[in-house]
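Reading through the structure tokens given below for one structure.
Reminder, nothing fancy here: chain letters follow the sequence lines and each chain counts from 1. Just so it is clear, the structure is predicted and the values come from calculations on it, not from any experiment.
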Amino acid sequence: MVFIGIQLVGAIFGLALLYFAFLNFKRNEFTAKEFAVWSLLGILFALLSLFPDSIYPVAEAINLQRPLDMFIILGFIFLITVIFYVYTVMRTTQKKMEALVRKLALDKRDDRRRKQ
Amino acid sequence: MRKPKTTAVIPAHNEARLIAEVVRLTVPYVDTVIVVDDGSRDSTFEEARRAGADVLRHVVNMGKGAALKTGCEHALRQAAEIIVFLDADGQHDPRDIPDFIQELKHRDIVFAYRRFDRRMPLVFRLGNQLINTAIRVLFGIRLRDTQCGFRAFHRQVYEKIRWRAADYVIESEIIMHTAKRHLNYAEIPIKTVYHHSYKGTTVFDGLRILLNLVLMKLRG
């Protein structure tokens with residue numbers, strides 16, 4: 001079985017994802033569930049890169065000419081979902097941070113006045 | 001007729017060099033000066049306090065809009081009846097404050113406009129004109145200097161113009177709310193003070209302001 005360059009790149013990317021997921025899990029940045037999800041994604045990506053024909057049955061079932069098209073579409077869906085999620089979390093965190101910083105500023109000022 | 005209690009709110013970030021002078025010049029024209037030290041890494045906080053301001057401090061830099069909101073919340077706690085915004089970099093002359101208060105006798109909110117001359121970099125003049133035009137087209141409100149932060153309003157107006165922006169977009173957002181809520185507004189000319197280094201929004205900030213204007217319009 002001969003693998004072309006891009007397949008190897010994809011496989012390395014998948015394994016790198018697995019590795020970084022493990023690193024973050026070891027550092028307690030990721031929960032076990034998060035580690036499992038990202039690891040599975042990394043492994044799947046590596047396997048699909050090395051054995052792209054394995055998704056032919058699925059591609060045929062949804063009337064796509066080439067498995068690569070399905071790959072790309074699913075990839076975009078995944079990326080957009082992740083970006084949307086991250087954006088939502090970031091906005092919520094930003095609002096909470098602003099409220100907290102304001103509360104700290106006002107409380108500290110009141111404490112200073114009480115001490116005077 | 002009793003003079004309304006007037007509070008100046010000055011957001012400041014790394015303005016240790018000028019803040020004391022700005023506070024000292026402002027004090028004669030208002031009842032209270034509130035400085036919001038927005039996560040400065042210099043002695044802005046200490047300088048403002050020494051000059052006689054009531055100083056609040058953000059533990060991290062949050063942006064002009066967030067700092068002004070903190071200042072307003074505190075001003076309202078202190079029973080301010082008129083709130084005046086001015087910048088900490090000395091570009092607004094506090095001697096203009098009485099003109100704002102005079103105009104506020106008949107208005108909900110008063111904006112200011114600078115006279116654009118050759119001392120202001122061309123790119124800023126053009127950027128200002130572009131944003132002014134965008135605001136006129138999108139919100140139907142005609143102002144000569146939409147990005148000037150020197151403005152004043154009555155306390156009851158705050159809830160009507162309360163902004164979401166944490167950064168420079170606040171200037172445009174307040175104008176948008178003024179238009180949406182059909183507030184009675186005016187604009188007055190102010191003296192423009194120039195320093196050697198012009199500090200203000202960049203071209204990228206200008207583009208971001210334009211994008212935000214469109215998004216605000218879409219949000220309705």
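A salt bridge links Asp110(A) with Arg77(B): the distance from a Lys NZ or Arg NE/NH1/NH2 to an Asp or Glu carboxylate oxygen falls below 4.0 Å.
More than 12 heavy atoms of other shown residues, nucleotides or ligands fall within 6.0 angstrom of atom CD in Glu34(A). The neighbour count for Lys5(B) NZ, taken as heavy atoms of other residues, nucleotides or ligands under 6.0 Å away, is above 12. Counting non-hydrogen atoms of other residues, nucleotides and ligands closer than 6.0 Å to CH2 of Trp38(A) gives a total of 12 or fewer. Counting heavy atoms of neighbouring residues, nucleotides and ligands inside a 6.0 Å radius, atom CZ of Phe22(A) does not exceed 12 of them.
Side-chain N or O atoms of Arg109(A) include none that pairs as donor or acceptor with a backbone N or O of Val55(B) at under 3.5 Å. Within the 3.5 Å criterion, the main-chain N or O of Leu106(A) finds no donor-acceptor partner in the side chain of Arg57(B).
Contact count versus chain B (heavy atoms, under 4.5 Å) is highest, among Met97(A), Arg112(A), Arg113(A), Lys95(A), for Arg112(A). Of the listed residues (Gly63(B), Ala67(B), Ala66(B)), the greatest number of heavy-atom pairs within a distance under 4.5 Å of chain A belongs to Ala66(B).
Among all heavy-atom pairs drawn from Ala105(A) and His58(B), the shortest one is CB-CD2, 4.0 Å. Val101(A) approaches Val59(B) most closely through the heavy-atom pair CG1-N, 4.0 Å.
Of the atoms belonging to Asp37(B), not a single heavy atom falls under 4.5 Å from chain A.
In this structure, Lys69(B) and Glu98(A) have side chains that are in contact, with non-hydrogen atoms separated by less than 4.5 Å.
Residues forming a ring pair (Phe, Tyr, Trp, His ring centres under 6.0 Å) with Phe45(B) (at least two apart in sequence, or on another chain): none.
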